[in-house]
2 protein chains.
Amino acid sequence: MTTDASTVLIIEDETPVRRFLRTSLTAHGFRLLEAETGREGLTLAASHNPDLVLLDLGLPDGDGVDWLGQLREWSRVPVIVISARGREDDKVIALDAGADDYLTKPFGVGELLARIRVALRHAKGLEAPSDVRIDLPGLSIDLPRREVEVDGHEVRLTPIEFKILVLLARNAGKVLTHRQILAEVWGPSHAGLHHNVRVHVALLRKKIELDPTHPRRLMTETGVGYRLRDREPD
Amino acid sequence: MTTDASTVLIIEDETPVRRFLRTSLTAHGFRLLEAETGREGLTLAASHNPDLVLLDLGLPDGDGVDWLGQLREWSRVPVIVISARGREDDKVIALDAGADDYLTKPFGVGELLARIRVALRHAKGLEAPSDVRIDLPGLSIDLPRREVEVDGHEVRLTPIEFKILVLLARNAGKVLTHRQILAEVWGPSHAGLHHNVRVHVALLRKKIELDPTHPRRLMTETGVGYRLRDREPD
DNA sequence: ATCGAACTTGACGACTTCTTGATACGCGAT
DNA sequence: ATCGCGTATCAAGAAGTCGTCAAGTTCGAT
């Protein structure tokens with residue numbers, strides 16, 4: 001297997017910076033995709049599935065962290081944030097939003113390349129099921145579009161319902177405990193929200209089950225958690 | 001299973017820096033290991049298997065990059081290098097030697113913690129998929145799916161039954177005492193629950209034995225406890 | 001300010017799982 | 001045989017879990 005050139009998506013509005021990055025990266029054998037806005041960047045990310053994203057925070061169409069958040073809803077591609085903002089808070093926010101690294105302008109090409117190598121090294125280990133969509137019997141999810149189809153027709157899900165469904169679908173067949181669902185959907189600091197999971201699962205079932213009183217997809221494992229079937233029952 | 005505190009190994013010779021890190025990290029719920037030399041650090045890493053390593057480059061017994069190289073020969077634990085050297089070359093060398101991140105002193109605690117979170121996030125993905133299933137003659141258990149198959153057909157187990165079976169299966173062939181089963185399944189504070197083990201073993205047998213009155217898998221060791229056969233009897 | 005969608009919270013019945021105690025069984029020692 | 005010990009079985013009730021509804025809250029859009 002030849003080690004194909006990795007594709008890097010640059011999301012950066014300032015033309016000189018972009019040109020500089022383009023020159024440096026192509027010279028080192030990377031294939032490039034370029035976007036000037038967050039929206040454009042997300043679209044490219046969805047369509048071309050790059051191996052790495054370089055994201056500038058100061059974009060014309062909104063804060064880069066917000067775009068990062070959106071990207072992270074469906075993609076685990078390594079993201080290195082490049083920013084003129086050097087404040088510690090900026091870094092913490094971006095890193096917690098899902099960035100894998102944070103470089104403050106100005107930076108050296110050597111360091112950038114080294115950090116790209118680190119990020120790619122990580123990604124290789126993950127061998128992420130680069131999932132733009134998830135397909136299960138009678139159920140398909142388009143992550144970037146946030147669209148869910150059940151038996152052919154589309155279904156509208158609220159943010160929480162969508163998160164729960166994606167989490168279960170990504171682990172289709174496995175049982176996810178209440179604790180896991182809480183942690184992933186509501187974040188690390190969850191107090192007495194146990195009950196919430198049940199309520200939202202019930203709402204979700206109303207939308208994805210033909211007969212919510214007799215679920216055939218989203219099964220409950222009493223005393224443990226929930227499981228989304230990855231194959232038809234016998 | 002509670003999400004245990006992560007253990008961080010600090011390899012740093014300067015006492016004040018170490019103390020500073022110790023205070024910051026323990027305050028945020030990390031367990032700590034500390035070493036003043038590279039050799040000591042490697043030993044600790046080998047014996048305690050930390051979740052993350054903070055490595056200073058200026059160590060008394062040789063360059064930190066060399067120690068990093070040695071560590072990388074057998075471990076993939078995330079390593080964040082902390083160094084006073086801010087030169088680009090230093091960063092590139094350390095990152096290419098296997099470091100996952102590089103922080104230049106002085107740095108803020110917030111950024112350090114954020115970068116630790118990033119590193120731990122990465123590590124979680126590539127944890128060794130150890131023992132996802134247990135196979136014994138006529139009996140197979142899929143842990144993440146929580147599925148149990150007996151002679152081909154699936155069997156539904158309650159949480160306690162599942163716990164007991166997994167415990168016995170993990171120690172197939174060995175005898176587990178009542179006390180051990182109680183401790184593992186019901187937790188440390190178990191009073192007069194001795195009888196419970198019997199009841200639940202009986203229930204379990206109904207589900208995994210063809211003839212529960214003459215067990216062929218889940219054997220009673222009178223006066224001691226129970227044992228799950230790891231091979232067919234002759 | 002008003003409205004609506006989404007989320008949270010509490011209450012209740014239905015259901016599953018667990019515990020408990022009574023009783024029966026098997027087997028070796030007397 | 002009979003006793004005693006550890007074990008197995010059963011059924012009833014206790015405890016816990018789940019699904020559902022309805023009322024309340026938050027938040028952004030109008």
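This one's a predicted model, so the numbers in the text were calculated from it and none came from an experiment. Each chain gets a letter, A, B and so on, in the order its sequence line appears, and its residues count up from 1.
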For dC7(C) and Trp186(A) - does any side-chain N or O of the residue sit under 4.0 Å from the phosphate oxygens OP1/OP2? no
Take atom CG of Leu157(A) and atom C1' of dA5(C), then tell me their distance rounded to the nearest Å. 14 Å
Which part of the nucleic acid, if any, lies within reach of Val201(A) when heavy atoms closer than 4.0 Å are counted: base, sugar-phosphate only, or nothing? nothing
Strictly below 4.0 Å: does Thr220(B) bring a side-chain N or O up to OP1 or OP2 of dA8(D)? yes
Check the phosphate of dT19(C) against His200(B), side-chain N and O only, distance under 4.0 Å to OP1 or OP2. Yes or no? yes
CD1 on Ile116(A) to CG on Asp101(A), rounded to 0.5 Å: 10.0 Å
Quick one: His214(B) NE2 to dC25(C) P, roughly how many Å, whole number? 13 Å
Atom NZ of Lys163(B): over 12 foreign heavy atoms under 6.0 Å: no
Assign the ring pair His178(A) / Tyr226(A) to parallel, tilted or perpendicular, where the plane angle (0 to 90°) is split at 30° and 60°. parallel
side-chain N/O Arg156(B) vs dT17(C) OP1/OP2, d < 4.0 Å: yes
Looking at Arg22(A), I want to see if its CZ is surrounded by more than 12 non-hydrogen atoms of other residues, nucleotides or ligands under 6.0 Å. yes
Can you see if the side chain of Lys206(B) gets near the phosphate of dT9(D) - specifically, an N or O under 4.0 Å from OP1 or OP2? no
Taking the side chain of Thr158(B) as its heavy atoms from C-beta onward, which of dC18(D), dC18(C), dC21(D) lies nearest to it? dC18(C)
Presence of Tyr226(B) side-chain N/O under 4.0 Å of dA8(D) phosphate oxygens OP1/OP2: yes
With heavy atoms under 4.0 Å as the rule, sort Ile160(B) into base, sugar-phosphate or nothing. sugar-phosphate
Contact under 4.0 Å: Arg198(A) side-chain N or O vs dC18(D) OP1/OP2: yes
